[in-house]
Amino acid sequence: MSTQDSNKIKRVNLTFHGVNNNRRVRYNQKDFDVLVVSFTVDDNTRLFEISVDHLPDNDSIHLKYDPFTKSISWSPKNIEQYVVEIRK
């Protein structure tokens with residue numbers, strides 16, 4: 001899946017400040033097609049996307065960042081297989 005002009009995109013921008021490794025990605029209502037999350041650490045920004053069809057019915061998900069390995073995981077766990085990193 002990749003973002004296309006015909007899709008309604010919700011963008012959420014997050015920055016790692018060295019303290020909180022668990023960041024809430026709030027999307028409120030699911031009135032969009034694709035959620036795009038940008039996550040910036042220092043000068044490096046990574047982009048992720050997930051279809052609204054795979055988001056839980058609540059108002060948010062969580063991005064969990066490991067500063068040692070630079071890996072990112074998602075909560076709830078069942079959405080991880082649907083999150084696509086579109087830029088590293």
Kindly compute the distance separating [atom1] ([X]) from [atom2] ([Y]), expressed to the nearest 0.5 Å.
X: Asp31; Y: Lys8; atom1: CG; atom2: NZ; value: 4.5 Å
X: Ile86; Y: Leu47; atom1: CD1; atom2: CG; value: 5.0 Å
X: Asn21; Y: Phe16; atom1: CG; atom2: CZ; value: 4.5 Å
X: Leu55; Y: Ile61; atom1: CG; atom2: CD1; value: 5.5 Å
X: Lys10; Y: Arg26; atom1: NZ; atom2: CZ; value: 10.0 Å
X: Leu63; Y: Phe48; atom1: CG; atom2: CZ; value: 6.5 Å

With sequence neighbours left out, write down each residue that passes ring-ring contact (aromatic ring centres under 6.0 Å, His included) with His54, or none if nothing qualifies.
->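 Partners of His54 under the ring-ring contact (aromatic ring centres under 6.0 Å, His included) test: Tyr82.
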ring-ring contact (aromatic ring centres under 6.0 Å, His included) involving Phe32 - partner list, sequence neighbours excluded =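 With sequence neighbours excluded, Phe32 shows a ring-ring contact (aromatic ring centres under 6.0 Å, His included) to no residue whatsoever.
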Write down the atom of Ile79, the atom of Pro76, and the distance for their closest heavy-atom approach.
->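 Shortest heavy-atom separation between Ile79 and Pro76 comes out as CG1-O, 3.0 Å.
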What pairs with [X] under side chain to side chain donor-acceptor pair (under 3.5 Å), at least two apart in sequence or on another chain?
X: Asn58; result: Tyr27
X: Lys30; result: Asp57
X: Ser73; result: none

Heavy atoms, side chains only, cut-off 4.5 Å: are [X] and [Y] in contact?
X: Trp74; Y: Val37; answer: yes
X: Leu14; Y: Tyr65; answer: no
X: Lys70; Y: Val41; answer: no
X: Asp59; Y: Arg24; answer: yes

Taking atom types as modelled and ignoring hydrogens, do the side chains of Asn13 and Ser38 form a donor-acceptor contact shorter than 3.5 angstrom?
->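 Indeed, the side chains of Asn13 and Ser38 share at least one donor-acceptor pair under 3.5 Å.
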Any residue meeting salt bridge (Lys or Arg N to Asp or Glu O under 4.0 Å) with Arg23, in chain and number order, not counting sequence neighbours |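 Result, salt bridge (Lys or Arg N to Asp or Glu O under 4.0 Å) vs Arg23: none returned.
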Asp42 side chain to Asn44 backbone, donor-acceptor under 3.5 Å |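 No, Asp42 side chain to Asn44 backbone: no donor-acceptor pair under 3.5 Å.
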